Amino acid sequence: MMDSYALLIAATLNAGTVLAIASLGLLINEKAGIVNLGAEGMMLCAAIAGFAAVVHTGSDTMGFLAGIAAGAFMAAIFGGLVIWLNTNQYATGLALTLFGSGFSAFAGIAYVQAQIPERPNFALPYLSDIPLVGPALFRQHPLVYLTVAFALVLIWFLYRTRSGLILRSVGESPESAHALGYAVRWIRMGAVVMGGALCGLAGAYLSIIYTPLWVEGMVAGKGWIALALTTFATWRPARVLLGAYLFGGVTMLQFHLQGVGVELPSQVLSMLPYLATIFVLALISRNPRWIRINIPAAMGKPFHPGS
Amino acid sequence: MPKLKLEARSQPSQMWSYASPLLALACTVAIGVLLFALLGKDPVKGLQVFFWEPVKTGYAVGELVVKATPLLLIALGLAVSFRSNVWNIGAEGQYILGAIGASGVALMANPATGSWIVVPVLLAGVLAGLFWAGLTAFLRDRFNANEILVSLMLVYVAVQVLNFMVFGPWKDPHGYNFPQTKTFEVVTRIPRLFAGSRVSIGIIFALVGVVLVWVFFFRTRSGFAQQVGGLAPAASRYAGFSSRRALWTALLISGGLAGLAGALEVAGPIGQLTPYVPAGYGFAAIIVAYVGRLHPVGMVFSALLMSMFYIGGELAQSRLGLPKSLTGVFQGLLLFSLLACDMLVNYRLRWIALGVGK
């Protein structure tokens with residue numbers, strides 16, 4: 001029984017990592033004032049790009065790089081449109097998601113039955129042998145730990161460095177940042193590409209490590225849940241991480257509940273992550289003042305430097 | 001070295017707002033030709049299956065209309081929503097619920113039922129769609145929850161509700177264990193307009209919808225209030241227009257129309273509830289709405305175009321051995337190109353010689 005809890009925790013961390021990587025990327029976007037509704041599409045394209053790269057090269061690293069490149073490339077197109085051509089952020093992001101789901105399905109046909117080399121064992125020496133704690137925490141892919149480290153670095157960057165302050169100022173008041181001489185558009189572009197790269201990494205993690213295979217539409221709303229997480233976290237990196245593990249847990253709970261024989265139809269269990277997202281969004285957004293204080297003030301608004 | 005510069009227009013170009021969708025289509029076709037060539041297929045044949053085959057015969061045109069009907073109905077609702085700056089992107093879920101609601105009534109029919117049953121079938125679809133969109137409106141109104149995320153999450157929930165019904169209580173006991181309901185009684189079938197074509201009265205609903213939405217947008221005070229709220233929230237508040245009312249109106253109209261589309265589809269061409277009812281119409285309709293400039297008449301054309309993409313994708317699969325998902329690629333490309341081309345509505349391109357001017 002205790003072992004099954006250890007496994008549940010391990011699976012939660014694993015599932016939460018996908019959400020955490022993507023959501024931290026989207027957080028960087030939103031801190032710079034850009035909302036990218038294309039997360040789902042970027043993750044799908046990165047998932048197939050990463051999976052295909054592993055099939056052809058046999059190297060996970062190449063797979064991750066391919067996923068990152070796919071996400072960053074798509075985000076760059078998005079950024080070019082919304083930052084320089086001032087297209088509507090919501091519509092452009094949706095276009096990215098619609099295109100991404102179509103394109104990944106199209107490109108993925110050849111890989112539906114494909115297999116990738118057996119996944120190595122990631123157990124850390126000694127630590128993984130500790131009863132309970134070992135199987136729960138120390139048999140994960142290195143990215144699981146790197147994600148936590150990255151969140152810490154991001155907190156330091158955003159709140160303790162000058163560059164982080166500039167990034168946030170671009171999202172709070174692009175006019176002031178522009179007046180101070182900062183290249184608002186390029187900073188936003190950098191944030192968007194970084195966000196895309198992280199969404200790409202999350203997508204590649206999904207298809208290479210989490211469920212090592214390709215299925216059409218396999219991201220199954222995780223990109224959207226990652227978007228919801230930034231609101232849930234009121235745009236704070238530590239809370240993004242926490243929220244991601246919470247939702248990872250909800251995703252895993254459905255399998256756990258089935259395992260321990262809870263009499264609920266499987267469809268009802270499959271709804272859980274989505275219902276939880278709605279519930280949590282409503283709970284957090286209930287107080288408009290709380291949101292208004294925390295949201296990057298210029299989020300979603302276009303910026304045209306006056307000439 | 002001359003340099004290309006974007007120059008803001010003093011007012012949006014009327015000409016380009018009409019020309020931009022056409023230019024976007026041209027870009028999509030150009031990329032399509034390139035893609036066909038890359039895949040080693042004859043581009044001329046590729047263009048043929050997408051743009052000629054779907055209009056070659058009377059029957060083919062009928063099929064084009066059959067697929068355009070749900071797209072147009074959903075897009076009309078979305079146009080109301082988007083013009084009010086309410087981002088309902090969960091039309092797919094409202095469509096699924098419409099199909100479920102309609103099926104619930106259709107399954108109650110027996111061979112002795114009169115053909116009046118079609119009316120409650122369609123009404124149930126509308127009500128179910130209204131209910132599903134109403135959830136989003138309620139959560140936005142009462143809890144300030146972002147309607148983009150809520151409406152989209154409800155799509156995934158709707159899919160599971162559909163699966164639950166067809167795998168569980170509504171599964172056809174004589175269906176060899178396939179997850180689907182029994183085939184609906186013939187009396188529940190949506191009346192068709194012509195012999196030898198699958199075009200149903202659905203297209204009449206859609207065209208009446210075009211007129212009603214046009215009147216609503218351009219000839220009624222409430223339609224005006226609805227759009228002012230979208231364009232200039234502050235002005236709208238000052239004028240005393242209720243933003244809550246606009247929110248509910250937008251979501252209920254789009255939910256009801258998506259529900260109607262779902263009902264027409266499940267009691268029409270499909271004739272039973274299956275897990276394959278969701279065909280992505282709810283998402284494709286977003287593209288229809290934008291490419292049609294959120295204008296009721298424009299959307300008639302864009303719905304036909306998007307329907308061509310669907311049929312072309314199916315034909316590309318059977319004739320050219322290309323995957324059907326090509327449809328999604330082209331749909332996405334079209335919306336992308338449109339957003340990029342729309343730049344020409346607000347900006348003009350100028351060649352500027354360096355060293356001259358500023």
Side-chain angles (χ1 to χ4, degrees), chain A residues 35 37 40-41 77-78 80-82 84-88 90-110 216 220-221 224-225 227-228 231 265-288 291 304 307, chain B residues 6-8 35 82 85 87 89 135-136 138-140 142-146 148-150 152-165 167-168 280 283-284 286-287 290 313 322-344 346-347 358:
Chain A
V35 181
L37 296 187
E40 182 85 5
I77 296 178
F78 167 85
L81 283 171
V82 302
W84 269 277
L85 302 184
N86 292 318
T87 61
N88 182 299
Y90 294 157
T92 315
L94 274 178
L96 203 61
T97 286
L98 292 172
F99 172 79
S101 38
F103 184 78
S104 61
F106 175 71
I109 297 272
E216 188 182 327
W224 293 102
I225 295 180
L227 273 162
T231 306
S266 68
Q267 292 87 7
V268 174
L269 294 172
S270 304
M271 284 178 201
L272 280 180
Y274 311 112
L275 289 176
T277 308
I278 295 172
F279 175 76
V280 158
L281 263 181
L283 199 68
I284 296 289
S285 313
R286 195 185 44 177
N287 181 352
I291 292 290
H304 335 240
S307 48
Chain B
L6 278 182
E7 201 176 77
L35 193 65
F82 295 161
N85 208 15
W87 290 82
I89 59 171
L135 288 177
T136 303
F138 171 74
L139 289 166
R140 169 93 233 188
R142 177 72 184 73
F143 295 102
N144 191 35
N146 183 307
I148 301 178
L149 294 168
V150 172
L152 194 99
M153 286 294 131
L154 285 174
V155 176
Y156 291 99
V157 178
V159 170
Q160 295 304 334
V161 174
L162 169 66
N163 283 337
F164 174 72
M165 297 317 284
F167 278 92
F283 295 113
I286 298 174
I287 305 174
Y290 272 105
L322 289 171
K324 207 167 85 178
S325 40
L326 208 54
T327 302
V329 177
F330 285 142
Q331 288 177 345
L333 277 175
L334 181 65
L335 182 54
F336 253 125
S337 316
L338 177 80
L339 291 165
C341 293
D342 271 354
M343 164 199 79
L344 293 166
N346 293 309
Y347 297 88
K358 45 174 184 173

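Please read all numbers here as calculations on a predicted model, not as lab measurements. Just so it is clear: chains get the letters A, B, ... in the order the sequence lines come, proteins before strands, and each one is counted from 1.
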Let me know if [X] has heavy atoms under 4.5 Å from chain A in its side chain, its backbone, both or neither.
X        : result
B/Phe82  : neither
B/Tyr290 : side chain
B/Leu333 : both

Does a side-chain heavy-atom distance below 4.5 Å link [X] with [Y]?
X        : Y        : value
A/Trp224 : B/Ile148 : yes
B/Asn146 : A/Thr231 : no
B/Ile287 : A/Leu98  : yes
B/Tyr156 : A/Ile225 : no

- Item | Rounded distance [0.5 Å steps], OH in A/Tyr274 versus CG in B/Leu149 | 13.5 Å
Can you tell which part of [X] gets under 4.5 Å to a heavy atom of chain B, answering side chain, backbone, both or neither?
X        : result
A/Thr92  : both
A/Leu37  : side chain
A/Pro288 : both
A/Leu81  : side chain
A/Ile77  : side chain

- For B/Leu339 against A/Ala95, the heavy-atom pair lying closest together: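 Shortest heavy-atom contact: CD1-CB, 3.9 Å.
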- Which pair of heavy atoms, one from B/Met153 and one from A/Gly221, lies closest together, and at what distance? CE-O, 4.1 Å
Selection from [options] maximising heavy-atom pairs under 4.5 Å formed with chain B:
options                      : value
A/Glu216, A/Gln267, A/Met271 : A/Gln267
A/Ile278, A/Val268, A/Thr87  : A/Ile278
A/Tyr90, A/Phe78, A/Trp84    : A/Tyr90

- Task: Classify the angle between the aromatic ring planes of B/Phe336 and A/Phe99 as parallel (below 30°), tilted (30 to 60°) or perpendicular (above 60°).
- Result: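 The rings of B/Phe336 and A/Phe99 stand perpendicular, inter-plane angle above 60°.
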- Message: Show, in sequence, the C-alpha distance, side-chain angles and deciding distance for A/Leu281 and B/Phe143, and conclude whether the side chain to side chain contact (heavy atoms under 4.5 Å, CB included) test is met.
- Response: CA-CA 9 Å; A/Leu281 263 181; B/Phe143 295 102; over 6 Å; no
